[in-house]
Amino acid sequence: MKPPQASNGIGCADWCDEEPEGSGKPAVDLERIRAAVREILIAVGEDPDREGLLETPDRVARMYVELFSGLHVDPSVHLGKTFTVKHDEMVVQKDIDFSSVCEHHLLPFMGKAHIAYLPSGKVVGLSKLARVVEVVSHRPHVQERMSEEIADLVMDELEARGVGVILEATHTCMTIRGVRKPGTVCITSAMRGGFKTNPATRAELMALITSAKTSG
Ligand code: ZN
C-alpha cells in the first residue's frame, strides 16, 4: 500500500509521514479516519458540522496515529543492544506504566507491567524493557496476548533461561459500559522457561512483586 499521490486529490499532508525507525510500513491514512469518524458522528445522531465537532475527526485521526504507533515499529529493536554479564540471577523490572487500546471496543485499558527474566549471559539496559512495553501496548490489543508477546520477545531476543510477565490493568470497556464495575483489575501472566517449570522461581517473582505493593 502506497500513500496516494497529490494527483488523486489527496495531498501527502493527509498521510502521517512520521515513519518510526525500522518501520518500512505505510504511513497512516488520516483522511480515511477523518471520514470514518464523521460517519460515526452522523450515525449516532450528531451534527458533525456544529462548531464543537468541526475539528473532532481530525483530532481523532491524529490521536489514533499516536495510540497505534506500535503497529509500525518492531519492538525487538529495543532488545538488540545487550551487555554480557556473569549475572545469572533473576532480573526484575516492576511497575512499568502502560496504556493500550482494547481491540474489542477500541477503548483504553491501562495499568502496570512487571517483567522478570533469568539471563543466560545477556542483559539489556534498564529502560529497554519499558520501551518494549511501550511499543507493544501501542497497538489494538487484548491483555492476554500482550503478556504473551512481551514474554516471547524477551525470551527470544535475550535468549533468556526464563521470562515471567505479569500485567495488571483496568479496562474502561468494563468500567464505563457493559457490566460497569469500576475498580476491577484484570491480571494476566505469561511464563516461559524457568518461570514455567520451576514453582520456586515463580513464587520468588510473585513475592517480589507483592512486596513492592505492600511497601509502596
Ligand atoms: Zn474491551
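These figures come from a predicted structure and were not determined experimentally. Counting starts at 1 for both ligands and their atoms, in listed order.
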Check residues 121-129 and write down every donor-acceptor pair under 3.5 Å in which the side-chain atom is one partner and the other belongs to a residue at least two apart or another chain.
none

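The side-chain hydrogen bond (donor to acceptor under 3.5 Å, both in side chains) test applied to Arg180 returns no partner, not counting sequence neighbours. Remark: Thr188 pairs with Gln143, Ser147 by the side-chain hydrogen bond (donor to acceptor under 3.5 Å, both in side chains) rule, at least two apart or across chains.
One finds the CG atom of Leu167 at 9.5 Å from the CD atom of Glu144 (value rounded to the nearest 0.5 Å).
Side-chain atoms of Val28 and His72, non-hydrogen and from C-beta on, do get closer than 4.5 Å to each other.
The Zn ion (ligand 1) has Cys102 SG, His105 ND1, Cys173 SG as protein N, O or S atoms under 2.8 Å away.
Cluster annotation: Met191 is not connected to Ile150 through the hydrophobic network of ILVMFWY side chains, with a link wherever side-chain heavy atoms come within less than 4.5 Å.
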